[in-house]
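Chain identifiers are assigned alphabetically (A, B, ...) following the order of the sequence lines, protein sequences preceding nucleic acid strands; residue numbering begins at 1 within each chain. Hydrogens, waters and symmetry mates play no part in the numbers below; they use all other heavy atoms, side chains included.
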There are 2 protein chains.
Amino acid sequence: MIEARHLRVLRTVATTGSFSAAARELGCTQPAVSQQMKALEAAAGTPLLVRAGREMRLTEAGEALVRHAAGILAGLTAAEEEVAALAGLRAGRVRLVSFPSGSSTLVPTAVAAMRADHPGTRVSLVEAEPPRSVDMLRAGDCEIALAFRYDATPWGYHTGGGWGRDELVARPLLTDRLVGLVPEEHPFADADEVDIGTLAEEPWIAGCPRCRRHLVEVCEAAGFTPRIDFATDDYPAVVGLVGAGLGVAVLPELAVESVRPKGTRAVRVTPAVQREVVALTLPDLAQVPAVAAMLDRLETAARR
Amino acid sequence: MIEARHLRVLRTVATTGSFSAAARELGCTQPAVSQQMKALEAAAGTPLLVRAGREMRLTEAGEALVRHAAGILAGLTAAEEEVAALAGLRAGRVRLVSFPSGSSTLVPTAVAAMRADHPGTRVSLVEAEPPRSVDMLRAGDCEIALAFRYDATPWGYHTGGGWGRDELVARPLLTDRLVGLVPEEHPFADADEVDIGTLAEEPWIAGCPRCRRHLVEVCEAAGFTPRIDFATDDYPAVVGLVGAGLGVAVLPELAVESVRPKGTRAVRVTPAVQREVVALTLPDLAQVPAVAAMLDRLETAARR
DNA sequence: TCCATCCATAAGGACACCTTGGGGAGTCGG
DNA sequence: CCGACTCCCCAAGGTGTCCTTATGGATGGA
């Protein structure tokens with residue numbers, strides 16, 4: 001098996017015309033060059049160099065190897081450069097999957113920071129929720145999945161429809177408080193804080209299926225089952241429905257901030273409801289420079 | 001420094017999808033593959049493979065390396081094949097330099113045998129005499145130089161205008177007797193053997209400068225200085241001149257055989273005059289398969 | 001739940017590689 | 001013509017690398 005290192009030495013010998021000069025250029029001793037050439041000739045099965053007096057000349061086989069060496073070493077250098085670019089964040093692509101409407105502030109900030117710090121990198125975004133996003137992560141369709149959870153299920157456990165096999169790495173980004181949203185004509189509109197039990201008789205507007213499920217759990221813990229008239233992922237729609245007096249809702253503080261809460265008021269609810277937003281990835285992917293950098297940017301953006 | 005061996009393993013891992021399968025295909029153990037991949041990732045500075053459950057997937061950097069690996073390994077394989085062809089005598093070029101008129105029988109026979117045994121090889125022929133042919137050998141303009149000498153100068157010595165630095169390899173081919181050539185009407189035409197001294201008064205026809213010099217030396221050793229009326233390298237011309245009765249000559253048996261000795265007779269002369277025909281090359285070149293094969297063919301042809 | 005497969009890790013031994021030191025030969029300048 | 005420099009080869013020693021065997025942990029299918 002001919003090794004690239006041998007070809008590099010052979011080429012240097014061919015251009016410099018001597019073992020000693022090649023050794024100086026390669027930063028090693030002359031016997032090292034001599035031994036490498038002997039090894040290469042053994043591998044080739046035929047002499048490659050002719051020692052004629054002082055000068056060093058190539059045989060036909062030597063010329064053939066040097067001819068091929070150009071392309072091989074060029075390819076090797078190109079490969080190293082491309083990998084170095086990826087490792088040095090001068091290139092790289094990060095495919096992000098985020099839960100719907102969860103990317104309104106976090107993702108744009110992080111992507112902007114990423115682009116500013118490492119212009120060669122590219123970030124793409126697709127919306128999906130667990131377990132779909134986790135499947136995509138495991139299938140190699142993305143590098144980072146943004147997700148949230150309400151309960152404190154340990155990350156290392158496999159939750160029913162969740163993401164949490166312990167081979168996943170979860171980087172906590174922020175803990176998002178959920179605030180109640182009521183029409184501004186509502187009796188509690190000016191309250192600092194309301195107990196969720198006092199909203200037992202109100203019509204509810206829920207979010208995504210998981211949000212809805214969690215809402216039901218919280219309400220049942222408070223002793224009532226909410227009457228849910230509407231359910232939509234679209235936060236502006238929720239705000240519109242609440243503003244129209246069609247019900248009350250709880251939604252993430254983050255969402256309220258990104259939507260103009262027209263005709264509504266946000267009030268704190270007790271018991272405190274919160275969700276944890278995390279960035280999920282695979283252990284190996286977390287070591288990829290572009291992925292690690294993006295995770296850092298997401299974390300920074302979450303600390304705004 | 002990325003090594004080609006690593007790329008080969010990486011490619012196999014990528015195609016087979018597992019370390020174990022790659023190890024089986026490569027004929028080594030699984031930990032060997034594991035360690036190589038770890039080393040390659042260390043060299044690359046970024047993960048190349050993602051262990052997602054059971055399957056093995058490439059990262060962006062891994063894909064880049066595999067993409068480059070195709071060309072690099074193809075080039076390496078091509079280089080190995082070309083060298084193997086040269087080493088296996090399926091290819092190769094031998095440049096032969098021979099003394100003028102000395103190649104009439106030896107070289108054609110040897111070249112024909114070479115072509116028959118190794119159709120892929122090519123032999124080229126140029127005519128030149130020492131020291132010119134030795135200079136060509138040392139300058140890399142040929143691989144084999146056919147030459148002859150009259151005296152028994154040790155090969156290891158540097159003769160005045162000769163070839164014999166001891167870094168040259170001389171393969172003896174044959175010892176060529178020189179025969180006298182006289183017109184068929186000459187008094188000695190039917191003699192079995194003549195003493196060269198009895199030809200003291202004859203006009204002489206000499207060959208090349210070195211042959212002429214040697215003729216003078218032999219004659220002076222016999223006690224006379226030959227009167228040389230003609231000197232030519234061209235053996236047919238020598239025969240023509242002798243046949244026309246313009247003088248006598250001594251010339252190699254080999255030459256007499258290849259020329260129709262019209263109107264002349266060959267007689268043995270005493271003291272015996274002979275020249276030694278050798279194939280010269282450089283020590284390193286003697287190890288080149290095509291050169292070694294050609295030297296063998298020349299030797300065989302000389303033993304005809 | 002059991003079993004087969006797969007990967008990671010540790011320890012041991014074999015091998016390759018490079019460096020140092022010495023010698024022979026050739027070339028150039030005095 | 002001779003000395004000095006350069007170049008290459010050779011041998012020996014130490015270091016590092018690589019592969020193998022053996023073991024453990026984890027996964028996925030039956």
- request: Measure from NZ or CZ of A/Arg210 to the centre of the six-membered ring of A/Phe148 and say whether it is under 6.0 Å with the direction within 45° of the ring axis.
  value: yes
query: Do the numbers put B/Arg51 on top of the ring of B/Phe19, so that NZ or CZ is under 6.0 Å from the six-membered ring centre and no more than 45° off the axis?
result: no
Is the closest side-chain heavy-atom distance between [X] and [Y] below 4.5 Å?
| X | Y | result |
| --- | --- | --- |
| B/Glu299 | B/Leu173 | yes |
| A/His214 | A/Glu217 | yes |
| A/Leu298 | A/Arg171 | no |
| A/Val97 | A/Leu146 | no |

query: For the side chain of B/Ser18, counting heavy atoms from C-beta on, which of D/dC18, C/dC7, C/dT20 is nearest?
result: C/dC7
task: Among the candidates C/dC7, C/dT19, D/dT20, find the nucleotide nearest to the side-chain atoms of A/Cys28.
output: C/dT19
Given atom [atom1] of [X] and atom [atom2] of [N], what is their separation to the nearest angstrom?
| X | N | atom1 | atom2 | answer |
| --- | --- | --- | --- | --- |
| A/Met37 | D/dC7 | CE | P | 17 Å |
| B/Gln36 | C/dT9 | CD | C1' | 17 Å |
| B/Glu41 | C/dC7 | CD | C1' | 13 Å |

Ion pair B/Asp141/A/Arg57, N-O distance below 4.0 Å: no
message: For the helix from C/dT1-D/dA30 to C/dG30-D/dC1, what angle separates the axis at the start from the axis at the finish, each from five pairs, in steps of 10°?
response: 40°
Under 3.5 Å, N/O pairs linking protein and nucleotides 4-6 of chain D:
from	atom 1	to	atom 2	distance (Å)
D/dT6	O2	A/Arg54	NH2	3.2

field: Footprint string (nucleotides 9-15 of chain D, 5' to 3'): B base within contact, S backbone only, - free, heavy atoms under 4.0 Å
entry: BB-----
Test: side chain to side chain donor-acceptor pair (under 3.5 Å). Region: [range]. Which pairs qualify, not counting sequence neighbours?
| range | answer |
| --- | --- |
| residues 22-34 of chain B | none |
| residues 61-77 of chain A | A/Arg67-B/Glu82 |
| residues 1-19 of chain B | B/Glu3-B/Arg5 |

- prompt: Sub-3.5 Å donor-acceptor pair from the side chain of B/Glu60 to the main-chain atoms of B/Leu48, do we have one?
  reply: no
Residue closer to the 5' end of DNA chain D, A/Ser20 versus B/Ala39 (nearest nucleotide): A/Ser20
